[in-house]
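Only one structure is covered here, and it is reproduced in the block below.
All chains are named by letter (A, B, ...) in the order of the sequence lines, taking the proteins before the strands, and each is independently numbered beginning at 1. Just the heavy atoms: all of them, side chains too, but no hydrogens, waters or symmetry mates, feed the values below.
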Number of protein chains: 2
Amino acid sequence: MELTERKKRILRAIVETYIATAEPVGSKAVAELAGLDVSTATIRNEMADLTELGLLEQPHTSAGRIPSAAGYRLYVNELMDRQQLTIQETQRINEALNLKMEELDRVIDRAGKVLSQLSDYPVFTVAAAKQRVTVKRFDLLMVEENAFIAVVMTDNSVVKNKLIHLPDQLSDTQLQLLSAVLNTSFVGLSREEMEEALDKMETHTAPGAFELISLVVEFAIEVLDDQGRQKFRTAGITHLLEHPEYRSLDKAKPLMNYLSEENETSRLPMNLNNGKSMNILIGPENVNDALKDTSVVMASYDIGDNMKGIIGVVGPTRMDYAKVTARLSYFADSLTRMFGKELPSGEQEDKEES
Amino acid sequence: MELTERKKRILRAIVETYIATAEPVGSKAVAELAGLDVSTATIRNEMADLTELGLLEQPHTSAGRIPSAAGYRLYVNELMDRQQLTIQETQRINEALNLKMEELDRVIDRAGKVLSQLSDYPVFTVAAAKQRVTVKRFDLLMVEENAFIAVVMTDNSVVKNKLIHLPDQLSDTQLQLLSAVLNTSFVGLSREEMEEALDKMETHTAPGAFELISLVVEFAIEVLDDQGRQKFRTAGITHLLEHPEYRSLDKAKPLMNYLSEENETSRLPMNLNNGKSMNILIGPENVNDALKDTSVVMASYDIGDNMKGIIGVVGPTRMDYAKVTARLSYFADSLTRMFGKELPSGEQEDKEES
DNA sequence: CTTTAGCACTCACATTCCCTGAGTGCTAAA
DNA sequence: TTTAGCACTCAGGGAATGTGAGTGCTAAAG
């Protein structure tokens, strides 16, 4: 059986009205909406064909049709209009993002929140660091005779610091010596290499000096760890409850739990999209069980040259794909542009020990 | 009418079984559970009295009784047992908190999550800074000839930094000069005073130098702002859905929205508890409308000498007060102890400009 | 005076049954 | 190939009914 132009128009009408109403679409509604001058009987025949092709489904014999996963897939691939954002929306987005002086994480968080509000779906964000981060330089600042600030700068231009308290007093010259050791022996090393270098150093260094060195190096390792970590965040989870498919709590609960869990690695299955900058996973196309009845639309963006981020929208398979993709791609573009002009920046920590 | 010992025992039995079952409690159940050797008829008489005293309520004439807000209040004030934590629980809590080297925010977040899991209710946390924070010292570190790191340390021992890019080149001596100006003119000032000082300086300083100064001072102002901000966070909101009173989405949605909104100021109505370290607000005792059918149990803890934090549990009025208060007070004590031995620490930022 | 047994009464909730209407597939004519 | 007509299906809504847990009251017993 062939997929005629008319069948496509009918499919499109069904997908779009189902997206809008969340109720099975009957032949009468299609006859009115598809703009075809044929009777409902003809539509019925066509709909029967589309069902046979696996593009539509019937919840029960005497109900209208709803799109199948394959139907949605065809819709997003061929039939969907590219939507335009309103001026208000672009303004809203720009306002939310263009607040200068914000740290990276906060910008991403804010982006997630606004996107969630604009789309009425939950949004997740992932910021994936580059694989191998190294320390570019160490600086030590004396605060009191028994405390100093360690400043670590990484090769992706992130600077973090920590207030370190010491058991004994320390002189200025000792501090300079320490700084020299750190900057000669631990710069340019990855996390693992640092640990190795530290181990080696232990044997042929005075215990007191070694303790001092390891305090700072351990902090540097933490910094690198933190850089390497994927940061998964979500926003607007409660939007799920607005959609009829999650009115029953049995449906809503697992998904909400999945989204609010913080087991970061389990989310990775939404693999870094293969090349394309926008990726749509419809229902069963998702690997993870919790997402089987759910669609995920995600876009990637660049954070400077080294990092990559993903921002995605989660919703029922009956998702307003046209609306979501339009907003999402605008966000991804804006974020890329934004992190492109300035260098990447990340938050930093300070700690304290005794 | 007098509140006899027997009435109290009956009230207690009703509160506790209602907490466990979420269903109105009838005279028969009380007769069995309260451990009184009287008939159901006697219990009925007593229950009628308790209703008249405003301690119990009847959803409809032919149903059992449920505790009123006043009933819960009496229960938590007089009747409730102080619960003991199991060894596993204390271990779990200690593990979650004793991860060293974590930054303040992350420890608090983690505490919220674990408490939420242990109590099966949503948890919120607030970290309130001390009122007036000032900068204790500035440090500037040259990175390249057109970029340096500004390090700001506040009087509550928080250190933050930012990578600042410049339009033109800058010499080492210029940087030292800048550092001297900052450390003489802007140390010890509050946020407002800093802005003032900066304004004054503008008139009698060379434009180029002023621009440089204001770059750093503006960063310092941000830091102080961030310190002053109350940080409101929530964890485990989805736990709400496990409790029958929120099975209807009309009930759950407003509360979930309220908790996940980030309008931080609107939450303040839960005023810094008046002296006592643990505070329980039952149903209508809450000022905020979204919480009228909800109970809030909160405890405060100290973050070093200057800051104060609140950690609280939100749930239906039918909340397991005994369980929650036990765990909550353990958390608050642990947090106080934890932030007590080390000095307070907060996360910090780095930014970048061109 | 307190407690208890007995009894009639109330009312939410579940079950059943029926009806309605939207929507279908099929057939036969255009 | 399209259309009109028709019998059929089935989910959802509403009314009717039954059930049972629980109550308040009364009168007798302790």
Integer-rounded Å distance: [N] [atom2] and [X] [atom1]:
X        : N      : atom1 : atom2 : value
A:Asp37  : D:dT2  : CG    : C1'   : 13 Å
B:Gln58  : C:dC9  : CD    : P     : 18 Å
A:Ile43  : D:dA4  : CD1   : C1'   : 15 Å
B:Asn45  : D:dT26 : CG    : C1'   : 11 Å
A:His60  : C:dG21 : NE2   : P     : 16 Å
B:Met47  : C:dT3  : CE    : P     : 16 Å
B:Lys28  : D:dT23 : NZ    : P     : 12 Å
B:Arg247 : C:dC13 : CZ    : P     : 10 Å

[X] side chain N/O closer than 4.0 Å to the phosphate oxygens (OP1, OP2) of [N]?
X       : N      : value
A:Arg65 : C:dT24 : yes
A:Arg6  : D:dT2  : yes
B:Ser27 : D:dT23 : yes
B:Ser39 : C:dT3  : no

Strand DNA chain C in bracket notation, Watson-Crick/G-U under 3.5 Å with | for pairs to another chain: ||||||||||||||||||||||||||||||
Residue whose nearest DNA chain C nucleotide is more 5′ - B:Pro59 or B:Arg44: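 By nearest-heavy-atom nucleotide position, the 5'-most residue is B:Arg44.
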Less than 4.5 Å apart, side chain to side chain, heavy atoms only: is that true for [X] and [Y]?
X        : Y        : answer
B:Thr294 : B:Leu281 : no
B:Ile93  : B:Leu118 : yes
A:Thr40  : A:Val30  : no
B:Tyr72  : B:Arg318 : yes
A:Thr42  : A:Leu36  : no

Closest to side chain of A:Val38, choosing from D:dT23, C:dT24, D:dT3: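 When the side chain of A:Val38 is considered, D:dT3 is the closest of D:dT23, C:dT24, D:dT3.
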Under-3.5 Å donor-acceptor pair between B:Ser62 side chain and D:dT23 base: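 Counting by modelled atom types and ignoring angles, no donor-acceptor contact under 3.5 Å is found here.
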A:Lys8, A:Lys7, A:Arg6 screened by salt bridge (Lys or Arg N to Asp or Glu O under 4.0 Å) with A:Asp49, the one that passes: A:Lys7
Under 3.5 Å: donor-acceptor pair, side chain of A:Arg65, backbone of A:Gln58: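 No, A:Arg65 side chain to A:Gln58 backbone: no donor-acceptor pair under 3.5 Å.
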Mutual orientation of the aromatic rings belonging to B:Phe232 and B:Phe124 [parallel < 30°, tilted 30-60°, perpendicular > 60°]: parallel
Sugar-phosphate, base or nothing in reach of B:Ala63, heavy atoms under 4.0 Å: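 Sugar-phosphate: the residue B:Ala63, judged by heavy atoms under 4.0 Å, touches backbone atoms but no base.
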Sugar-phosphate only, base, or nothing, as touched by B:Thr42 at under 4.0 Å among non-hydrogen atoms: base
Neighbour count above 12 (heavy atom, 6.0 Å) for A:Lys253 NZ: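 Enclosed.
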Residue-level proximity of residues 17-24 of chain B to DNA chain C when a heavy atom falls under 4.0 Å: none
Atom pair OH (B:Tyr321) and CG (B:Leu79), whose distance is rounded to the nearest 0.5 Å: 13.5 Å
